[in-house]
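Report on the following structure.
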Amino acid sequence: MRSRKQGTGPGTIGNRQWPGVIERYRAYLPVSPATPIITLLEGNTPLIHSRALSRRLGRGMSVYLKYEGMNPTGSFKDRGMTVAISKAVEAKSVAVLCASTGNTSASASAYAARAGLRSIVLIPSGAVALGKLSQALIHGARVVVVDANFDACLALVKSLAQGHPVTLVNSINPHRIEGQKTCAFEICDALGRAPDYHVTPVGNAGNITAQWKGYTEYRRRGRITQRPAMLGFQAEGAAPLVQGRVIKHPRTIATAIRIGNPASWQGALAAAEESGGAIQAVSDRQILEAYRLLASEDGVFVEPASAASVAGLLRLAQAGYFKKRATIVCILTGHGLKDPERAIKSIRLARPLPPSLSAITKAAGLK
Ligand SMILES: *Cc1c(COP(=O)(O)O)cnc(C)c1O
């Protein structure tokens, strides 16, 4: 029998390569030796110390950035998708279905392609960033653009999944949540403990639910002793958890969290409450400030929704929320190249110049 040790599966090189989140955390995930593992070697994303943010906060703070944009399709969705698609193949499903603000469809279509499954994605018209749409299309998904928002698309796929032999891979699929726990595991493995504060953007609220579950399971198994306070941030115009009511027409430039009726509503509230944390809102202006700051001071390019965590960090720091010398991890959920239009829009590009050395020297700011 083939050994099931890390990295010895078919197609892997030697046994040194990172094996993907299922092989790495198999004991924590709902897979058996009979589960065919569909992986793009997701996970193992960098935990980057932010000198700029640590300095800005002062008082001996250590701020780390968990750069989930470094996953194979550019967002944390891959952690859940490897499990959801593996389980779909195990269940002999032939097609997967999701509603998406973009990253779920990018991830689902890539993993489905790898598994030889059909993928069908419903996306809200005009509300999906260009990079994400290009991914779903090139991976061969059937992309259905709906003239409605994400919440309406999610209601539609739930109905479709009931009437047809397809697997729903939105985060209401429990296998997604299971896979996404591994982000918390990696943070603890890297730090040798849990952080004091875990700061994350919140949209449909599956991720904060999963991360809290991850910390809780690691503590139960004796891998950590303390769990962090969970701090979730929604965009002001799309903050149902903060306002305590469904938002019919959510608005924010951060399309990945433009959600008015989160599927994991209870999970998010429980994470905040049980951990002694909070769910709060940040404005689009604060999100864009954090977006530019991350890129210009830390060299980390994220999509706008991801910057909600850092916007929230700065807001709470200003209010004197954090205890001294705390270790804080901000989750950066998706890559900046997902939404290049946003970056270009925020900076004016000068018109082309003739190739004259003096004109170029002046334009380069070199005197
Ligand atoms: C999906 C997504 C979110 C929101 O995560 P939820 O689990 O829906 O709360 C935030 N940022 C990015 C980049 C995403 O793709």
Side-chain angles (χ1 to χ4, degrees), residues 42 45 66-81 84 98-108 110 121 123-124 127-129 131-133 135-136 150-151 153-154 169-174 176-181 183-184 198-214 230-235 238-242 250 252-269 271-272 279 281-282 287 290-291 294 300-312 330-339 342:
E42 60 294 313
T45 56
K66 182 66 170 164
Y67 194 14
E68 290 288 277
M70 292 301 283
N71 275 296
T73 78
S75 85
F76 73 83
K77 301 296 198 295
D78 296 342
R79 295 181 183 277
M81 208 55 76
C98 67
S100 181
T101 61
N103 282 332
T104 298
S105 63
S107 185
V121 308
I123 60 172
V128 168
K132 306 176 188 183
L133 183 58
Q135 289 176 289
F150 170 82
D151 301 290
C153 291
L154 185 59
V169 294
N170 280 102
S171 58
I172 46 178
N173 178 330
R176 285 273 312 279
I177 304 286
E178 291 302 307
Q180 286 173 206
K181 294 184 308 201
C183 180
H198 176 108
V199 193
T200 189
V202 174
N204 216 19
N207 209 26
I208 191 169
T209 302
Q211 291 157 351
W212 180 237
K213 193 164 193 277
M230 301 295 287
L231 301 168
F233 286 92
Q234 301 200 290
L241 299 175
V242 179
T252 168
I253 50 98
T255 50
I257 52 172
R258 186 191 283 169
I259 292 173
N261 188 12
S264 298
W265 192 300
Q266 290 312 324
L269 294 186
I279 312 276
V282 284
I287 289 173
Y291 167 77
L294 278 166
V300 177
F301 188 25
V302 300
E303 65 170 284
S306 306
S309 57
V310 171
C330 292
I331 308 298
L332 302 179
T333 45
H335 203 287
L337 289 173
K338 293 276 190 175
D339 192 359
R342 171 58 57 188

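Atoms within each ligand, like the ligands themselves, are counted from 1 in listed order. Position 1 is the first residue of the sequence, and the numbers go up from there.
A donor-acceptor contact shorter than 3.5 Å links the side chain of D151 to the backbone of N261.
Under 3.5 Å, the side chains of S105 and K132 contain no donor-acceptor pair of N or O atoms.
Distance check: L133 CG to I123 CD1 gives 5.0 Å after rounding to the nearest 0.5 Å.
Remark: A272 engages I279 in a side chain to side chain contact (heavy atoms under 4.5 Å, CB included) (not counting sequence neighbours).
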Could you list, one pair per line, each nitrogen or oxygen of ligand 1 together with any protein nitrogen or oxygen closer than 3.5 Å, giving atom names and the distance rounded to 0.1 Å?
from	atom 1	to	atom 2	distance (Å)
ligand 1	7 (O)	G206	N	3.2
ligand 1	7 (O)	N207	N	2.8
ligand 1	8 (O)	N204	N	2.7
ligand 1	9 (O)	G203	N	2.8
ligand 1	9 (O)	N204	N	3.3
ligand 1	9 (O)	A205	N	2.8
ligand 1	11 (N)	T333	OG1	2.7
ligand 1	15 (O)	K77	NZ	2.6
ligand 1	15 (O)	N103	ND2	2.7

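The side chain to side chain donor-acceptor pair (under 3.5 Å) test with E178 is passed by exactly one of R176, K181, Q180: K181.
Using cut-offs of 30° and 60° for the angle between ring planes, the H335 and F301 rings count as perpendicular.
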